[in-house]
Amino acid sequence: MRIDLISIFPEFFDVLDLSLIGRAQADRLLEIRRHNLRDYTEDKHRTVDSPPAGGGAGMVMKPEPWAKALETVLEDTASRPSPLAQSSSESSSELGSPLGSVTRALPVKPTLIIPTPSGEAFTQRHAEELAGAEHLVFAPGRFEGIDERVTEWAAEHFQLRRCSIGDYVLNGGEAAAVVMIEAITRLIPGVIGNEASLNEESHGETGLLEYPVYTKPAQWRGHQIPEVLLSGNHAKIAQWRREQAEARTRATRPDLWTRYTAD
Ligand code: ADE
């Protein structure tokens with residue numbers, strides 16, 4: 001998978017060089033490219049923001065630097081198509097636009113993800129779907145957000161998603177992009193050493209939160225591992241874990257519990 005990140009703080013993404021995602025890059029399962037949005041400005045102050053049309057508080061991100069940065073990513077992708085990409089029948093809408101020939105040269109439109117608190121709720125289902133993508137581009141905005149016309153324009157050239165990671169507001173989309181990238185890339189085969197550990201996680205197939213887990217020693221500061229986990233009886237252990245997952249889901253996430261019991 002290739003991931004392009006466009007931001008006024010590209011160094012924000014240095015955390016992606018750590019741990020499993022860092023290793024996935026070294027193993028060439030993942031290629032992450034960072035772009036500084038200010039490199040696509042043309043004035044000497046490298047301006048990326050401007051007051052909102054119609055007035056009001058804060059500043060809005062100007063459209064042109066975003067379009068230039070996104071065009072550069074598209075042109076670069078078209079000049080180096082991935083041998084793994086499959087063909088798509090969706091690229092007819094950009095006929096006649098200046099970038100049409102570039103986008104038509106791409107077998108599959110890259111997916112552009114705009115992190116925003118006004119987007120659709122990002123869930124494990126999105127992570128699963130996007131883990132199969134060939135090319136993701138993240139456009140995290142700052143200030144009051146990105147001029148809406150960028151979204152309209154980009155929809156011609158990308159598969160577009162506007163995603164929120166939760167009902168709260170961050171200072172910018174970078175932290176949200178890191179969250180989504182971690183959730184997505186750990187599902188790429190080979191990124192996590194022990195893929196069996198994905199099976200019974202929270203938000204997985206069962207629809208339940210994960211059961212509590214323990215390790216040695218059996219006694220720790222007066223707290224004991226549940227007896228059944230030391231029994232060696234795998235059927236009993238599986239039943240206990242199921243019961244614990246159900247109890248935890250019912251107590252902590254009534255919304256998930258209602259869905260679970262309805263299925
Ligand atoms: N940018 C600011 N807040 C956000 C959120 N909750 N999700 C995604 N992007 C954001």
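Ligands are counted one by one from 1 in listed order, and the atoms in each one are counted from 1 as well. FYI, side chains are in, hydrogens and waters are out, and symmetry mates aren't considered; it's all heavy atoms of this structure. Throughout, numbering of the chain's residues begins at 1 and tracks the sequence.
- With rounding to the nearest 0.5 angstrom, the CD atom of Q124 is 10.0 Å from the CD1 atom of I184.
- Residue contacts with ligand 1: G172 is included, with a non-hydrogen atom under 4.0 Å away.
- Inspection of the R161 and T111 side chains reveals no N or O donor paired with an N or O acceptor under 3.5 Å.
- Salt bridge absent: D49 and R142 never bring a charged side-chain N and a carboxylate O closer than 4.0 Å.
- Protein heavy atom at the shortest distance from atom 9 (N) of ligand 1 is T116 N, 3.1 Å.
- Close contacts of ligand 1 with V169, meaning ligand atoms under 4.0 Å from a residue heavy atom, involve 3 (N).
- For the residue pair H35 and P10, the shortest heavy atom distance occurs at O-CB, 4.2 Å.
- For I165, a nitrogen or oxygen atom sits less than 3.5 Å from a nitrogen or oxygen atom of ligand 1, counting backbone and side chain alike.
- Using modelled atom types and a 3.5 Å distance limit, the side chains of E246 and Y260 yield a donor-acceptor pair.
- For atom 6 (N) of ligand 1, the nearest non-hydrogen atom of the protein is Y168 O, 2.8 Å.
- Against a heavy-atom cut-off of under 4.0 Å, G166 is close to the following atoms of ligand 1: 6 (N).
- By heavy-atom distance, the residue among A176, C163, P117 lying nearest atom 1 (N) of ligand 1 is P117.
- By the criterion of a heavy-atom distance under 4.0 Å, both the backbone and the side chain of L170 are placed next to ligand 1.
- Annotation for R46: atom CZ counts as buried by contact number, over 12 foreign heavy atoms lying within 6.0 Å.
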